[in-house]
**Q** 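First the structure, then my questions, so here it is.
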Amino acid sequence: QVQLVESGGGLVHPGGSLRLSCAASGFTFSTHDMSWYRQAPGKERELVARITWFLRTNYLDSVKDRFTISRDNTKNTVYLQMNSLKPEDTAVYYCNGYNRNPGMDYWGKGTLVTVSE
């Protein structure tokens, strides 16, 4: 069965760093685009970062100088390194896997990131 399991969230002070991990199983990881989305209280879910199966990356403008997405196909894992965290980064972060043939989406359950003093 398909599983995406996020880890690494928690409480961090403004200016601090966290690294999120997403362990995937049950599908061919190396052929899927992998992304991180987030949803803050009272806001819509938004795309934070994407890394395609051929290693192209894309970032939300507000995080592009602070966050880095990467993947390790030997471990079926995608990472999000988050530096210089701000209170507005507080959200539940979700891992997503996508293959356009036939357009299937896989989602993790999310991990909570709280940035606060």
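Keep in mind that this is a model prediction, so the values were computed, not measured. As a basis for the values below, the full set of heavy atoms in this structure was taken, side chains included, without hydrogen atoms, waters or symmetry mates.
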**Q** In a table with atom names and distances, give each donor-acceptor pair under 3.5 Å that connects a side chain of residues 48-56 to protein atoms at least two apart or in another chain.
**A**
| from | atom 1 | to | atom 2 | distance (Å) |
| --- | --- | --- | --- | --- |
| R50 | NE | S35 | OG | 3.1 |
| R50 | NH2 | Y37 | OH | 3.4 |
| T52 | OG1 | F54 | N | 3.4 |
| T52 | OG1 | L55 | N | 3.3 |
| T52 | OG1 | R56 | N | 3.1 |

**Q** In Å and rounded to the nearest 0.5 Å, what is the NZ to OG1 distance from K64 to T57?
**A** 12.0 Å

**Q** For a 4.5 angstrom cut-off between non-hydrogen side-chain atoms, does N99 reach T31?
**A** yes

**Q** Carefully, step by step, assess L4 and M34 under the rule side chain to side chain contact (heavy atoms under 4.5 Å, CB included).
**A** CA-CA 11 Å; L4 295 174; M34 301 300 300; 4.1 Å; yes

**Q** Quick one: CH2 on W36 to CG on L47, what's the gap to the nearest 0.5 Å?
**A** 12.5 Å

**Q** Is it the case that over 12 heavy atoms from other parts of the model lie below 6.0 angstrom from the CD atom of E44?
**A** no

**Q** Say whether, by atom type as modelled, one donor and one acceptor occur between the side chain of T111 and the main chain of G9 under 3.5 angstrom.
**A** yes

**Q** Using the test side chain to side chain donor-acceptor pair (under 3.5 Å), find all partners of D105 that sit at least two apart in sequence or belong to another chain.
**A** N96

**Q** So, R38 and E46, do they make that salt bridge, N to O below 4.0 Å?
**A** yes

**Q** If you take all heavy atoms of G26 and V2, which pair is closest and at what distance?
**A** O-CG2, 3.5 Å

**Q** Walk me through whether M82 and D89 qualify under side chain to side chain contact (heavy atoms under 4.5 Å, CB included).
**A** CA-CA 9 Å; M82 305 186 294; D89 295 318; over 6 Å; no

**Q** Residues in salt bridge (charged side-chain N to carboxylate O under 4.0 Å, His left out) with E88, at least two apart?
**A** none

**Q** Rounded to the nearest 0.5 Å, how far does CD of Q3 lie from CG of N76?
**A** 12.5 Å

**Q** Pairs under 3.5 angstrom only: tabulate donor-acceptor contacts from the side chains of residues 10-20 to other protein residues two or more places apart or in another chain.
**A**
| from | atom 1 | to | atom 2 | distance (Å) |
| --- | --- | --- | --- | --- |
| H13 | ND1 | S116 | O | 3.3 |
| S17 | OG | N83 | OD1 | 2.9 |

**Q** Anything under 30° is parallel, anything over 60° is perpendicular, the rest tilted; go ahead and classify F27 against Y106.
**A** tilted

**Q** Measure across L85 and R66 and return the closest heavy-atom pair with its distance rounded to 0.1 Å.
**A** CA-NH1, 3.9 Å

**Q** Taking the side chain as every heavy atom from C-beta outward, state whether T74 and F29 have any atom pair closer than 4.5 Å.
**A** no

**Q** Same cluster or not: are V78 and Y98 linked, directly or through other Ile, Leu, Val, Met, Phe, Trp or Tyr residues, by side-chain heavy atoms under 4.5 angstrom apart?
**A** no

**Q** Treating Ile, Leu, Val, Met, Phe, Trp and Tyr as nodes and any side-chain heavy-atom pair under 4.5 angstrom as an edge, say whether Y94 and L80 lie in one connected cluster.
**A** no

**Q** Where do Y93 and F67 come nearest, in terms of heavy atoms and distance?
**A** OH-CE2, 4.1 Å

**Q** Please go through Y79's hydrophobic cluster and name the other residues, only I, L, V, M, F, W, Y counting, with side-chain heavy atoms under 4.5 Å joining them.
**A** none

**Q** How would you list, by chain and number, every residue that makes a side chain to side chain donor-acceptor pair (under 3.5 Å) with Q39, sequence neighbours excluded?
**A** none

